[in-house]
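Working notes, beginning with the structure itself.
We count ligands from 1, going down the list as the structure has it; atoms in each ligand are counted the same way. Nothing fancy with the numbering, it's 1 onward along the sequence. Hydrogens, waters and symmetry mates play no part in the numbers below; they use all other heavy atoms, side chains included.
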Amino acid sequence: MAKRDYYEVLGVTRSVEASELKSAYRKLAMQYHPDRNPGDTEAEVKFKEVNEAYEVLKDGEKRAAYDQFGHAAFDGGMGGFGGGGAHDFSSSFADVFDDLFGEFMGGGRRRGGGQHGGQRGSDLRYNMEITLEEAYLGKQAKIRVPTHVVCEACNGTGAKDPNATVTCQTCGGYGKVRAQQGFFSIERTCPTCGGAGKMIKDPCTACSGTGRVQRDKTLNVSIPEGVEDGMRIRLSGEGEAGMRGGPAGDLYIFLAIKPHAIFQRDGTTIFCPVPIPMTTAALGGSIEVPTIEGKLAKLSIPSGTQSGRQFRLRGKGMTPVRGGIRGDMIIETVVETPVHLTSKQKELLKQFDEAATGKPKHHPESEGFFAKVKELWQDLTE
Ligand SMILES: [Zn+2]
Ligand SMILES: [Zn+2]
């Protein structure tokens, strides 16, 4: 299959500027993001395509090469530009996360290679389901995550003796290797030593030289009040430990809020349909409604209340996750017709019916409705 033009993939012109390129990329990356399109292989292909195009075009050098030679610029045997796919992919992926969620938990992301040429640890995902009440109150949760942690035996260096090193044979201590790529000579980080130029002499036996060991980690997570379904919380540096002293990845907590038995939520508004007896609806009265705080609030029902009438309880909704004014609760009445009537009740209702005078109208809605039906039929028969 012929590769699509990178500019075309991102839907931008060849003269696109960095900021516009970034926003075009971000839009598409979010659209085709695997989390939003579970099981959709077409979206997955698009997502990869978009990432690949952005990897090249966001980089001045790569973009210049692409402009001149097209895809042929990256078809070299040594991997060169294209070779670092997996790593490059994760870094641009991180850009999206940072832009969208970075401000959420505050704190900057640690990224890039380690000082010792160690590789950054992988980001981890943890799915957490909470109730609406927990989302309202906020929650302190303890979670167990299977992960890689820094090896204590070697302090993460991966070396039996960190001072005993040998010069890297691949790059001769330079930390970078050059590869011929068509017309270009490209310099890239040495894959053997990760750019450090030297290698450890004897690997640590506890971690086989990786600088990290597999272990479950227990973390305390603070879920802020007001979180919404689908939000993510990033715990910076709580992902997998890096290799040989590289920085740790991040841990992302994906929040899902369980459906509630009686409340529905829309942002900071809580909606609740409440059944009321026919007599209360007709005569008026006072009812008690449950709130998200687990208390009861009094609500007075005016006489003649119909089904579907909405009442607003100010400040009884959710608090916005970033702070601010608490939302409202909307109560919608559902007038309930009584069932299992005793013969006495039936008799009383019959008397009620017979006492109907026709004026004023006792059932304005139905009377109005049947008046319209009558008009309609007259129109049809004429
Ligand atoms: Zn070790
Ligand atoms: Zn090297």
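- For Cys190 atom SG and Cys193 atom SG, the angle they make at the Zn ion (ligand 2) is roughly 100°, to 10 degrees.
- When atom types are taken as modelled, the side chain of Glu52 and the backbone of Glu49 share no donor-acceptor pair closer than 3.5 angstrom.
- Here 4 is the count of protein N, O or S atoms positioned under 2.8 Å from the Zn ion (ligand 1), waters not counted.
- Asp40 and Tyr32 are not linked by any side-chain donor-acceptor pair at a separation below 3.5 angstrom, with hydrogens and angles left out of the test.
- Using a 3.5 Å distance cut-off with no hydrogens or angles, the side chains of Tyr136 and Arg326 do pair a donor with an acceptor.
- Residues Arg63 and Tyr7 bring a donor and an acceptor atom of their side chains to less than 3.5 Å of each other.
- Remark: Arg212 engages Glu240 in a salt bridge, criterion side-chain N to carboxylate O under 4.0 Å.
- Cluster annotation: Tyr25 is connected to Leu21 through the hydrophobic network of ILVMFWY side chains, with a link wherever side-chain heavy atoms come within less than 4.5 Å.
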Side-chain donor/acceptor pairs under 3.5 Å, residues 189-203, sequence neighbours excluded:
from   : atom 1 : to     : atom 2 : distance (Å)
Thr192 : OG1    : Thr170 : OG1    : 2.6

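- At the Zn ion (ligand 2), the angle from SG in Cys168 to SG in Cys171 is 110° when rounded to 10°.
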